[in-house]
Amino acid sequence: MINQRPYRLLFILILTLAPQMLAGQRINFGLYAGQGITLTATTEVLDFNSKQTVINPGTEEIITMDYLNYQPAVVTITAQADLDVSVTVSFPDSLRLVEGSFALPVDLQFAYSNLGAINETTAKTQAVPVPLGLMSAIFPVSRRAGGTRALPPTPQHVGYTPPTATAYLFIYGSLGPVGDVGAGTYTGMINITVEYATHD
């Protein structure tokens with residue numbers, strides 16, 4: 001029997017806004033996984049400055065960063081290959097100034113890749129974006145040619161270790177409009193919950 005307890009990945013977006021430009025962003029990860037599902041954060045920085053765009057507060061400019069051309073935050077899911085996982089995310093609608101009351105709008109979304117890519121670069125080219133505004137997706141850990149699983153998975157028993165596979169999550173999006181905000185460090189929390197799908 002498979003334990004259906006969800007596993008959570010928590011990380012914090014940190015953004016520094018200087019009076020003349022965005023300085024940098026940092027993501028801190030707290031990983032909570034086990035019993036068949038392993039979550040790993042492979043990228044610690046979601047850097048909107050990779051576009052090398054200088055932003056002045058008050059300009060109402062929006063910075064958009066896609067997962068193919070820029071470096072998204074990356075999380076891998078390693079789990080039983082013949083099962084489906086349910087991924088639910090909770091994104092903040094804004095980042096908050098650590099020492100103040102200013103907020104900076106942010107629109108984040110995610111894409112997943114489950115074609116068995118051997119590296120992150122290949123996985124990005126095979127990723128399926130989840131439409132902006134949707135916060136969950138159910139997909140096979142390893143995509144099946146025939147779609148839905150035809151046979152139930154082999155029950156776990158002594159001497160049998162089910163095969164595992166790795167799927168990728170890419171987190172990306174847009175920042176702004178910057179508007180009239182204060183300089184400093186902006187933070188936000190993202191929750192990612194991964195569990196085996198029951199299809200009930």
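With sequence neighbours left out, the side-chain contact (heavy atoms from CB on, under 4.5 Å) criterion links Ala123 to Ser113, Ala117, Tyr168, Phe170. Scored by the side-chain contact (heavy atoms from CB on, under 4.5 Å) test, Val87 finds Ile77, Val85, Val89, Phe110, Phe139, Leu169, Ile192, Val194 as partners (sequence neighbours excluded).
With values rounded to the nearest 0.5 angstrom, Thr166 atom OG1 is found 12.5 Å from Glu120 atom CD. In this structure, Thr193 OG1 and Ile37 CD1 are separated by 10.5 Å, a value rounded to the nearest 0.5 Å. To the nearest 0.5 angstrom, Ile138 atom CD1 is 14.5 Å from Tyr196 atom OH. The CE atom of Met135 sits 8.5 Å away from atom CG of Leu108, with the distance rounded to the nearest 0.5 Å. Atoms OH and OG1, from Tyr172 and Thr64 in turn, are 11.5 Å apart once rounded to the nearest 0.5 Å. For the atom pair OG of Ser174 and CG of Asp66, the computed distance is 11.5 Å after rounding to the nearest 0.5 Å.
The two residues Val141 and Ala165 have their closest heavy-atom pair at CG1-O, 3.4 Å. The minimum heavy-atom distance linking Gln109 with Leu132 is given by the pair NE2-N, 3.6 Å. For Pro92 against Ile190, the heavy-atom pair with the smallest separation is CD-CG1, 3.7 Å.
Side-chain N or O atoms of Asn114 include one that pairs as donor or acceptor with a backbone N or O of Pro140 at under 3.5 Å.
Contacts classified as side-chain hydrogen bond (donor to acceptor under 3.5 Å, both in side chains) and involving residues 121-133 (residues at least two apart or in different chains) are given here: Asn119-Thr122.
Side-chain contact between Pro72 and Val74 is present, with at least one heavy-atom pair separated by less than 4.5 Å.
Both Val130 and Leu39 are part of a single hydrophobic cluster, where members link through side-chain heavy atoms under 4.5 Å apart.
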